[in-house]
Structure formats: C-alpha cells, structure tokens
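This report refers to the structure that appears directly beneath it.
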Amino acid sequence: MWDYSDKVKEHFFNPKNAGAVVDANATGEVGSISCGDALRLTLKVDDDSEVILEAGFQTFGCGSAIASSSVLTEIIKGMTLDEAMKVTNQDIADHLEGLPPEKMHCSVMGREALHAAIADYRGEEWKDDHEEGALICKCFAIDAVMIEEMVWANKLRTVEDVTNFTKAGGGCASCHEDIEAILEKVLAEKGETFDPTAAPVEAPAKIAAVKAPLTNLQRIKKIEEVLESLRPALMADGGDVELVEVIGNTAYVNMTGACNGCQMAAMTIAGIQQRLMEVMGEFIKVVPATEMAKLVNIGVA
Amino acid sequence: MSDIYLDNNATTKVDPVVVDAMIPYFLEQYGNPSSIHKFADGVARGLKHARQQVQALIGCEHDSEIIFTSCGTESNSTALLSAIKAQPNKKEIITTTVEHPAILSLCEYLEKDGYTIHRMPVDKAGRLNLESYKKLLSDQVAIVSVMWANNETGTIFPVAEMAEMANAAGVMFHTDAVQAVGKIPMMLQDTKIDMLSLSGHKLHAPKGIGVLYLRRGTRYRPLLRGGHQERGRRAGTENSASIVGLGKACELALEFIEYENTKVKAMRDRLERGITEQIPHCFVTGDMYNRLPNTTDIAFEYIEGESILMLLNKAGIAASSGSACTSGSLEPSHVMRAMDIPYTAAHGTIRFSFSRYNTMSEVDEVLKVMPGIVATLRKLSPYWDGNGPVADPEKAFAPTYA
C-alpha cells in the first residue's frame, strides 16, 4: 500500500466539503474514467467581489484523489478567483504533506478542476493542456509522454541524453530499460534505429562550473547565463523563462508562453534549479515569481 | 474482533506446522545437501520426502518430475524459455489475455525478439473459445501457456482439455497453476500437461519457493546452469528448509482439499450472496459456475477500489482490488479490461480470497461493514445521486480529457 501522509489520511477519512454546492455558479469537471480518477468541483462565487464563498467536490477516485479534492476546497474557500488561479498542484500536494510520485497527478487533477470551474464562471472555454503517460522514472516522477516529447524535440538518441534533458533515469537507474524502449519506439517512428553507443547529443550547454561563494552580481549573471542555455529546450515546447529577481540564494522566475500554467511547470522549475546548482556549485532555490507577492504581503521581501 | 485476512490469492500465512518442519533445517541440518557429513546427511532425505509430498498433491507419475525453483515466476520463465530454446524453429506462442504478468511480460519481451504471440481473448464471463484455440494450434507453435485458474476472478480454464488438443497437434503445453494447486484436486498423470508452475506461498508454505513440474520425456533446457542440483535442471544450492516446508504444506493442502471445497467455499458463497443482496449496483465478475472455491471478485459500480480498500483496512479487513490506483498504473486490471467490464465498475472491483484459516464470523463482520463503506464512497461520487446512480451516468458526468 502507498505510504500516505497523515494529512492525506485525514482528508480521505474525513473529507471536507463533499457533495455539490447548492446554487453553484461555477462547475469544473475533469479527469479520466479510464484512469480511474474523475472530479467535479462546484463553486459558489460572489458576483461582486469574485470571492469563492463555497466549494464542494464529488470525486470518483482513490484515497489521494479524494484527499486532494478535499484539501483543494479548503484552500480556495475565501480566495478571489484571481488568487485561486495561482494555486498550483504543488500547493495542493504541500498542504497534504506530500504525495507519492505515482499520485502527483491527483493534485494536478485538482488544479485542473479549479481552472475549469473558473473558466466556466467566466464563460470561457477551458482546454486541457497536458497528456499524461505511464510513470517511467519514479525517482524524479517523469512520465512516458514527457520523455517521448523530449526525445522528439531534442533529437535525443541515448539513455544518457534522456537523463541530461529530463532527469529521467538519473536516480536509481532501474528505468533504463523502459527509457531504451521509448527511444527504440520514437527512433523507429523517425526511421532511425536505436544505438546505445551513439554519441551524446549536445547537452543543455555546458557552462564551466564556478567556485562559490559568488557575489550577488556574479550570481545574477551566472543565473542569466544558465537560463539562456536552457532557453532553446523550453522554446522547443513553445515556452520560455524570465528571471525576475534574485534575493539571496532564491531566484524568482516567470514561466511564460506554453510554460505558463503548464502541468510540467513545477517539474521544469525543479529541472532549472538542478541545473543551476550543478553549474554554480551552491544551493539555489528557484521559485515562481508569483510567490514573491506572497512574501511582500507578509513583509519578508 | 481481530484483523480479518481475505487476501489469500495474494499470499498466505505460513502454517505453524510448516514452520515447525522447517526449523531443524535452519539450526541442525543446515549443511549443504551435497556435502558428506552429519550436518547434511538428513537433508537429501528431507528433500526426497518433500518431492513425494508435492507429487502426491499434483498427482504426477514420478517424483523426479518435480523441479524446485525459487518462485512461480521462475517456473513460468523457465517453462517458456525452455520450450523456445529446445525448438528454435518454432516462432509462435499461444497464451491468453488474462494471464499473470509473469507470463504476459515475458511474452511481450519475446515479441520484440520476433516471436508471434497469440493472446486468446475471453468473453464477458472470462471464458475462452476453444474453437478459435484449435485454429491457432500448428507446427509453428513452440508452446501453449494457459493459466489453470485466474488470480483475480478465480475462473478456471479447461486446461486438461486444452492440453489434449495441444498434444494432438504436437504442441507443448504449460499451465501456470499457482492459484489452482491446493485449491482444486488434480491428477497430472491422467493429463497431457507437459509443464506446470506452482508457488509455495499461495498454499501456506513460505515465499521464495516454487516448483516446475516437468513431464518425463518433455524436451527441456535449463534456465540456470552450473550445478547438478535438481538433476542438472535447476542449478543452485537447494533452499532446503523451504523445500521441506513446501512439502509439508502440500501434504496439508491435500488433507484439507475437501474442506477447501466445502467449508471454505461456503464462507465465500455466504459473503458473496450477502454482499450482492445487500448492496445495490454491484456484481460478481468471472465465470460464477466454474471458479476456485475460495475466490470472489465483486465490482462495486461508481466507486474506486483503492478507496474501498483503505476503508476496509481501517475496519481491519484485508482484501485487494483491480483498480489502476492500487498498482500505480493508468489502466484498471487487464483481466477486467479483457472481460469488457466498464471502467465505472472495473476500477471498483474488490477481490476477497479465503483460506482454511477464515471463519464464518469473519464473513459476518465483513457483511456488517461493507454496505456502509460503499455508501460512504458513493456519497462522494459524481456518478451517484442520493439513492442511485445519476440517470445515464456516462453522459451526466463526462469530464474533460477522458
């Protein structure tokens, strides 16, 4: 059985806000019945202030799906729609004190239901922007679809390439056979054959590691340099990244284009952070710039 | 009320009598069976006795037809790989869509090496069509591998008849019988089954011990080479304590086989009837009239299995589910998909599997809590409205990206 946190169990055994909200004026329905997870989120939004007065969920799904739905309704009650739009799936997972990698998609589903409900309220059409595949790398929670896309976009040829570009396979290495299978499949579709000894594709630009400690100016320059080197890979997916501010060891970035609101944004940010730490030889925390507003509010920044 | 274990198709408790039989092989007769000294002089006898105990349970002609392995999966792999090694010109394998991953994953792997895998479908009750099976048999087929009983639904396949058909076509026949051995009587010497896999931990022996039955005269290539153990057919120092334990467990299984098919079956039937009578919108999957006596697999519509298991676990009841979420995969159990069980039910399947350690009062306990658990989860379900499913559920709730 999964190693669920106490918080997950608490929300599963005693879910909050279960059932549909009476007089709801926003509804979001997402999920996939074939995968065994589906969620309907209903909201009652105050028309003048756009504050979410009530939130209710109906979920067909496993323990963590029900817990994610429950905690989501607790998080967003009292928020304005604009504030609610900033809730990430990581926020949901954090409120649950973490989810097993195989279950992160439950938090993603919660966030999507929220976006769908808000779009419904605003009379917009919500489109699902991701496709989820089977989980391949359990160490870094990378799925098959993500790996396939990176193999296509960056003409990857070996397991090492895949690890360099996605981190998949960079941990315990148990998934290397699965990654080879993906490479074989994609390369076959491109009319090529998989050769495990092929020379590596140029990794996201190698930048000479620097010795810490850095001055703040050096740090900012170095971060810019690393982001620049990662940009082509992001742009291949139709996205981009922008450095907003550096405070101490924390870099605040804006994910733009397709990266904005992408399911993978959290993962991409983690990837950027990893890369920065490798190059700079010091701990760097990469945080979405939206988080900065919160800091200002509580007077930290 | 102490905890209730109804997950015996996953694994079983080791019988205390089995443990007692094993202890001397850890503490006294711990010598290598191949050694010539007093620490080992009783081991060979122990192994021989165990071989005869297994022989008696499966009814094979010779005790030398028993090869001890490390588990059911090793036995399965050995059987299939032996068949293709021994007949390199035959490039087809016949199996079913509902086999255990121990067979299906291996077949998928062999497919990459150019083998053609015929995966026979099943109908809604999990049954095979023997007419189409007959058409698949040819001199191109290296081996047929069909499970004796399905681990999820308990559905029994007509393996004796299928082995006859294979034999008539000159094709080798293997059966994965890990769920069947010890639960239903068998007499292998009266069949044309060439190879059979069984696993100790499904019948109250420890984990990590299995058997490959290999009919005398069947062409064979070992998986593990390197020693004379098991007459050179499975090298590696014998797991003597576990082999002795498995022997004892087989002896007990034979003793209890009538109990299994009367008393254990009665418990299963009572639970099944109680649940399907008390709880609306649930149904039994598989072939109700041709099943293992200890297994029932019930689909609870409009709710998801892992949630049911978590609530059962809280009530001290252990069972298992065919939902995607319990395994971390994206699809519900391949067995449910093969039987074309709709997704809204397939994710909500719960398997209760009994053993001789269960009691009728445990059945009553489960019957007491089950309706409440299902009702609790249905209250949360978008497919459920008050006392029944919403009208036209698949349409009323049609989430994006299905």
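So that the names make sense, note that chain A is the first sequence line, chain B the second, and so on, each numbered from 1. Source: prediction; values computed, not measured.
Contact between A:Ala38 and B:Pro382 at its shortest, heavy atoms only, is O-CG, 4.4 Å. Here the closest heavy-atom approach between residue A:Gly63 and residue B:Ser307 is recorded as N-OG, 3.6 Å.
Take A:Asp94 and apply the side chain to side chain donor-acceptor pair (under 3.5 Å) test, not counting sequence neighbours, and it matches A:Gln90. A search for ring-ring contact (aromatic ring centres under 6.0 Å, His included) contacts involving A:His11 returns nothing, not counting sequence neighbours.
Within a 6.0 Å sphere centred on CG of B:Asn387, heavy atoms belonging to other residues, nucleotides or ligands number 12 at most. By the neighbour-count criterion of 12 heavy atoms within 6.0 Å, atom NE2 of A:His95 is sparsely surrounded, having that number or fewer from other residues, nucleotides or ligands.
Residue contact with chain B, scored on non-hydrogen atoms closer than 4.5 Å, is absent for A:Ser69.
Counting heavy atoms from C-beta outward, B:Ser381 and A:Thr59 have side chains that stay 4.5 Å or more apart. The closest side-chain heavy-atom distance from B:Trp384 to A:Gln58 is not below 4.5 Å. A heavy-atom distance below 4.5 Å is found between the side chains of A:Glu177 and B:Tyr109.
Listed for the B:Glu304 side chain is no donor-acceptor partner under 3.5 Å among the backbone atoms of A:Phe60.
Between the CE atom of B:Met310 and the CZ atom of A:Phe12 there is a distance of 5.0 Å, given to the nearest 0.5 Å. Within the model, atoms SG of A:Cys62 and NE2 of B:His347 stand 10.0 Å from one another, a figure rounded to the nearest 0.5 Å.
With respect to chain A, the highest number of heavy-atom pairs below 4.5 Å among B:Thr344, B:Leu311, B:Ile308, B:Leu380 belongs to B:Leu380.
By a heavy-atom distance cut of under 4.5 Å, A:Pro15, A:Ala18 are the residues of residues 15-22 of chain A near chain B, going up by number. Proximity to chain B among residues 178-190 of chain A is limited to A:Ala181, judged by heavy-atom separations below 4.5 angstrom.
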